[in-house]
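Notes follow the structure.
Since this is a predicted model, take the numbers as computed values, not measurements.
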Amino acid sequence: MPTLAHAELWGYVDGSGTAHLAPTQVDSRYHLVMGDAAQLRVPGKTDGAGGLLTWLEFAPEVKSLQPLLREAAAAHGVDIELLKAIIAVESGFNAKAVSPRGAVGLMQLTPIAAQHYGGFAANERPAALRDKLLDPRTNILTGARMLSTLTRRFGRIDVALAAWNAGESAVRKAGGEMPAIPETQAHVHLVLELYWALLQARMPGERTGLQMHGAAASDASR
């Protein structure tokens, strides 16, 4: 079974959800996802993928949400590992989390985003939406729908995550690429780092959405 124990690992996820990994930056699509990049950590989040993986394996709050994660993944064609990674980074699986900016619940959705992507009535009051988003099922299904929409719109998961964090307008201003916003780049980095670590942790027979390039591919064939 291949390992991801490289000094550096670069990668991206294409529009079909396949992760491409290489030991060097093959082209501009590749971003550093493993290695000495502490400056890219999300402010206040210092564990990186290793510590989060250990926690995700044993936390009862994570296990209790597995049926909802499977439902959302199937309903909207989103990888369950990606949903787990987003929730871990956004809220630490705290269904009652509310950010200073008004983002709510497991996937830290704002009422505005929920109204735009979640199919809620246009005249629904923000306070009522906020209460609905505190429900884990509503939150995860809405977030999965939003992520699916953004991924189709921008064609790449990393850019979709940037739009999730910084807004679609920021991505458009960057020409449909990752905006030059350190906090957004850090956020996307950590989500993707954890996502790929979760993919790596799958049973070998299930791990079909991962492509290794360069020296990484040589290691994978051993």
Side-chain angles (χ1 to χ4, degrees), residues 1 4 9 11-14 16-21 31 33-34 40-42 44-97 99 103-109 113-114 117-118 133-151 156-165 184 186-210:
M1 189 164 104
L4 298 185
L9 193 65
Y12 77 99
V13 180
D14 65 23
S16 67
T18 298
H20 299 259
L21 301 174
H31 299 276
V33 294
M34 295 282 187
L40 293 180
R41 295 280 184 235
V42 176
K45 298 182 184 294
T46 59
D47 283 344
L52 285 171
L53 270 178
T54 301
W55 179 78
L56 285 169
E57 184 178 355
F58 297 104
E61 57 265 53
V62 179
K63 292 181 179 180
S64 69
L65 290 173
Q66 282 293 116
L68 296 182
L69 290 167
R70 286 195 293 267
E71 178 186 359
H76 298 291
V78 177
D79 198 333
I80 191 170
E81 282 80 11
L82 184 56
L83 292 176
K84 281 185 178 181
I86 292 172
I87 294 171
V89 172
E90 290 283 2
S91 69
F93 279 82
N94 178 5
K96 303 302 181 184
S99 79
V104 176
L106 291 164
M107 300 190 77
Q108 288 292 277
L109 305 174
Y117 297 99
L133 291 173
L134 288 171
D135 170 66
R137 183 174 184 273
T138 300
N139 193 284
I140 292 175
L141 285 170
T142 302
R145 179 173 177 173
M146 176 176 172
L147 182 63
S148 177
T149 299
L150 290 172
T151 302
R156 284 168 41 191
I157 291 176
D158 60 338
V159 179
L161 290 171
W164 178 293
N165 178 263
T184 295
H187 180 275
V188 172
H189 168 89
L190 186 53
V191 171
L192 290 182
E193 183 183 24
L194 181 55
Y195 173 42
W196 280 315
L198 287 166
L199 285 176
Q200 175 69 11
R202 279 182 180 177
M203 294 298 291
E206 298 176 353
R207 192 160 29 82
T208 58
L210 185 66

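- Contact record, M107 with I86: CE-CG2, 3.9 Å, taken as the closest heavy-atom pair.
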Report task. Test side chain to side chain contact (heavy atoms under 4.5 Å, CB included) on L82 and L198 and set out the steps. Result -> CA-CA 8 Å; L82 184 56; L198 287 166; over 6 Å; no

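- The two residues L133 and A114 come nearest to each other via the heavy atoms CD1-CB, 3.7 Å.
- The backbone N or O of L134 lies less than 3.5 Å from no partner atom in the side chain of N139, so there is not a single donor-acceptor pair.
- Between T151 and R156 the shortest side-chain heavy-atom distance does not fall below 4.5 Å.
- L65 places a side-chain heavy atom less than 4.5 Å from the side chain of L106.
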Query raised in the report: Could you go step by step and tell me if I87 and I140 meet the side chain to side chain contact (heavy atoms under 4.5 Å, CB included) rule?
Result: CA-CA 9 Å; I87 294 171; I140 292 175; 4.1 Å; yes

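- The nearest pair of heavy atoms linking A88 to L194 is CB-CD2, 3.6 Å.
- In terms of heavy atoms, A162 sits closest to V188 at N-CG2, 3.6 Å.
- Between Q108 and G105, the closest heavy-atom pair is NE2-O, 2.9 Å.
- Separation of atoms CZ (F93) and CD (E61) is listed at 8.5 Å; rounding is to 0.5 Å.
- In terms of modelled atom types and a separation under 3.5 Å, the side chain of R145 and the main chain of Y117 share a donor-acceptor contact.
- Panel note: side chain S148, backbone H76; a donor-acceptor pair is recorded below 3.5 Å.
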Report task. Evaluate the side chain to side chain contact (heavy atoms under 4.5 Å, CB included) criterion for residues L109 and V104: first the C-alpha distance (whole Å), next the side-chain angles of each, then the deciding distance (0.1 Å), finally the verdict. Result -> CA-CA 5 Å; L109 305 174; V104 176; 5.8 Å; no

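- Salt bridge absent: R137 and D135 never bring a charged side-chain N and a carboxylate O closer than 4.0 Å.
- When side chains are defined from C-beta on, L150 does not count as touching I157, because their heavy atoms never get closer than 4.5 Å.
- Inter-residue side-chain proximity for K84 and Q66 is flagged as met; some heavy-atom pair is nearer than 4.5 Å.
- Between A72 and A144, the closest heavy-atom pair is CB-CB, 3.8 Å.
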Query - Intermediate values then yes/no, side chain to side chain contact (heavy atoms under 4.5 Å, CB included), L147 and L161 - result: CA-CA 8 Å; L147 182 63; L161 290 171; 4.1 Å; yes

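- Separation of atoms CG (L83) and CG (L69) is listed at 6.0 Å; rounding is to 0.5 Å.
- A side-chain N or O of W164 and one of E90 form a donor-acceptor pair less than 3.5 Å apart.
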